[in-house]
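Read the numbers this way: they start at 1 and go in the same order the structure lists the ligands and their atoms.
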Amino acid sequence: MLILGIETSCDETSAAVVRDGRQVLANVVWSQTAAHEPYGGVVPEIASRQHTLAITRVARQALAESGMAAGNLDAIAATHGPGLAGALLVGLTFGRSFAWGLGIPFIPVNHLEGHIHSVWLSDQSQSEPPPLPALVLIVSGGHTELVLMRDHGMYQEIGRTRDDAAGEAFDKVGRLLGLPYPGGPSIQDASTRATDPTPFPRAWMAGTHDFSFSGLKTAVLHATYETGSGKSAHSVQGTPFPRAEIASLLSPEQVANFAAGFQDSVVDVLVTKTLEAAAALVPRSIAVVGGVAANGALRERMGECVSVPLFISQPKYSTDNAAMIAAAAYYVPQSDNEIDVAPALSLEAL
Ligand code: KG4
Ligand code: ZN
């Protein structure tokens with residue numbers, strides 16, 4: 001079964017052709033990062049308009065690279081949520097119209113279910129997929145969740161972030177340290193130059209499988225301010241915190257040490273809490289998916305600490321892409337030609 005997947009939930013316009021939910025024939029990702037970089041984050045209206053500009057070209061390129069004609073497709077799938085409403089509408093409407101024109105089913109896909117299925121993707125279809133039930137850590141710019149996957153389409157949320165997602169914390173701390181957007185890859189890169197990583201606290205959220213990263217973000221803000229200005233962060237409490245210039249007061253070595261200490265703290269919490277949940281739930285495998293799964297330190301620590309079969313999405317399938325959407329559509333093929341976008345869609349709503 002050949003599915004064209006389409007992903008436009010945030011700032012990547014992507015189209016992919018995937019055979020039988022696993023074998024990626026083409027996966028084209030057009031990143032809008034350059035359009036959003038001047039603003040230090042994703043601007044929703046710019047995202048929608050960039051998708052409109054790129055979607056036809058990206059879909060055409062995916063078909064050409066796959067060596068397939070539109071007439072070979074069995075179905076078309078697109079993300080319908082969660083994500084930015086205007087951005088989702090571009091992919092959903094394009095995909096559904098294309099499917100209608102070809103007379104084939106249209107399959108709406110939950111973006112989080114797409115991330116989960118990124119570990120089913122393979123460039124060589126012979127590798128084994130994760131045995132179920134699997135404990136899945138979803139770590140992206142918008143989500144940090146632990147999910148027990150009993151089967152395709154059957155998910156139980158075990159824990160979630162109470163405030164920022166891990167990727168969001170990477171992006172905000174990256175901005176605070178004056179590093180290029182998005183913060184995740186920049187912090188990973190700066191960390192390699194650390195001489196003495198700054199220790200930061202960990203929020204363990206004891207007795208739960210939940211996460212919290214906003215306190216860590218504030219700890220980095222205070223530490224960078226105190227190092228850069230030589231003043232105690234408490235001395236400016238109650239007044240608007242002077243943030244913009246903090247990075248310019250830090251040496252590259254200090255930036256690297258803050259970046260590495262922050263990354264250590266996030267990775268430690270993600271790995272430790274995943275292991276705790278695994279001890280309680282005894283899954284047959286552990287999967288790590290979402291943009292932050294591309295992080296080298298997280299991949300390494302997970303690899304060292306996890307004793308059940310571990311599946312971490314390949315970096316190219318960790319960040320937003322359409323191949324994972326086509327994979328999820330193959331395993332959960334519920335077609336629907338009237339569905340609306342669902343910006344706040346959760347996994348258990350499936
Ligand atoms: O899954 P994704 O592409 O989009 C969402 O669904 O949110 O995740 C994007 C997030 C961003 O916050 C980005 O900073 C983070 O993934 N990210 C990383 C790395 N690469 C991307 N975080 C840490 N280390 C990385 N290497
Ligand atoms: Zn995502």
Check your understanding: Would you say His143 touches ligand 1, if touching means a heavy atom closer than 4.0 Å?
Key -> no

Review point. Can you check whether Thr319 has an N/O within less than 3.5 Å of an N/O in ligand 1?
Key: no

Check your understanding: By atom name, which N, O or S atom belonging to Asp320 lies closest to the Zn ion (ligand 2)?
Key -> OD1

Study note, to complete from the structure: Quick note on ligand 1: atoms under 4.0 Å from a heavy atom of Val292 include exactly 16 (O), 18 (C), 22 (N)

Revision key, fill the gap. of all protein heavy atoms, closest to atom 24 (N) of ligand 1 is Asn295 ND2, 3.0 Å

Point to revise | Shortest non-hydrogen contact between Pro343 and Leu88, atoms and distance | key: CA-CD1, 4.1 Å

**Study point:** Best match, Gly291, Gly167, Gly296: closest heavy atom to atom 19 (C) of ligand 1
**Key:** Gly291

Review point. Taking only heavy atoms of Gly142, which atoms of ligand 1 are found under 4.0 Å from at least one of them?
Key: 7 (O)

Exercise for review: Return the minimal non-hydrogen interatomic distance between Gly91 and Ala78, and the atom names on each side.
Suggested key: O-CB, 3.7 Å

Point to revise | Under 4.0 Å to a heavy atom of His115 - the qualifying atoms of ligand 1, by number | key: 1 (O), 6 (O)

Review point. Does any N or O atom in Glu12 lie less than 3.5 angstrom from one in ligand 1, N or O only?
Key: no

Practice item. Please work out whether the ring planes of His117 and Tyr331 are parallel, tilted or perpendicular, with thresholds of 30° and 60°. Key: parallel

Check your understanding: Can you tell me if Asp163 and Ser212 form a side-chain donor-acceptor pair at under 3.5 Å?
Key -> yes

Review point. What is the minimum heavy-atom distance between Gly95 and Ile6, and which atoms define it?
Key: CA-CD1, 3.9 Å

Check your understanding: If you look at every heavy atom in Cys10 and Ala87, which pair is closest and at what distance?
Key -> O-CB, 4.1 Å

Study note, to complete from the structure: Among Gly290, Gly184, Ser313, closest by heavy atom to atom 22 (N) of ligand 1 is Gly184

**Study point:** Distance-only side-chain donor-acceptor flag, Glu113 / His152, under 3.5 Å
**Key:** no

Review point. Among protein heavy atoms, which lies nearest atom 10 (C) of ligand 1, and at what distance?
Key: Gly141 N, 3.5 Å

Check your understanding: Do Asn257 and Thr195 have a side chain donor and acceptor closer than 3.5 Å?
Key -> yes

Review point. Taking both backbone and side chain into account, is any N, O or S atom of His115 nearer than 2.8 Å to the Zn ion (ligand 2)?
Key: yes

Revision key, fill the gap. For Ile158 and Leu148 the tightest heavy-atom approach is CG1-N, 3.8 Å

Practice item. Just let me know how Asp171 lines up against ligand 1, side chain, backbone, both or neither, with a heavy-atom cut-off below 4.0 Å. Key: side chain

Review point. Under 4.0 angstrom from ligand 1, any heavy atom of His111?
Key: yes

Practice item. Would you mind telling me which of Asp320, Asn110, Thr319 makes a side-chain hydrogen bond (donor to acceptor under 3.5 Å, both in side chains) with His115? Key: Asp320

Review point. Hey, is Cys10 one of the residues with a heavy atom under 4.0 angstrom from ligand 1?
Key: no

Exercise for review: List the atom of Leu347, the atom of Glu145, and the distance in Å for their closest heavy-atom pair.
Suggested key: CD1-OE1, 4.4 Å

Check your understanding: Is His111 close enough to the Zn ion (ligand 2) to have an N, O or S atom under 2.8 Å?
Key -> yes

Exercise for review: Consider every N or O of Phe170 and every N or O of ligand 1, then say whether any pair is closer than 3.5 Å.
Suggested key: no

Exercise for review: Report the nearest protein non-hydrogen atom to atom 26 (N) of ligand 1: residue, atom name, distance rounded to 0.1 Å.
Suggested key: Gln188 OE1, 2.8 Å

Point to revise | Phe262 ring center within less than 6.0 Å of Phe170 ring center | key: yes

Check your understanding: In terms of residue, atom name and distance, what is the protein heavy atom nearest to atom 3 (O) of ligand 1?
Key -> Asp320 N, 2.9 Å

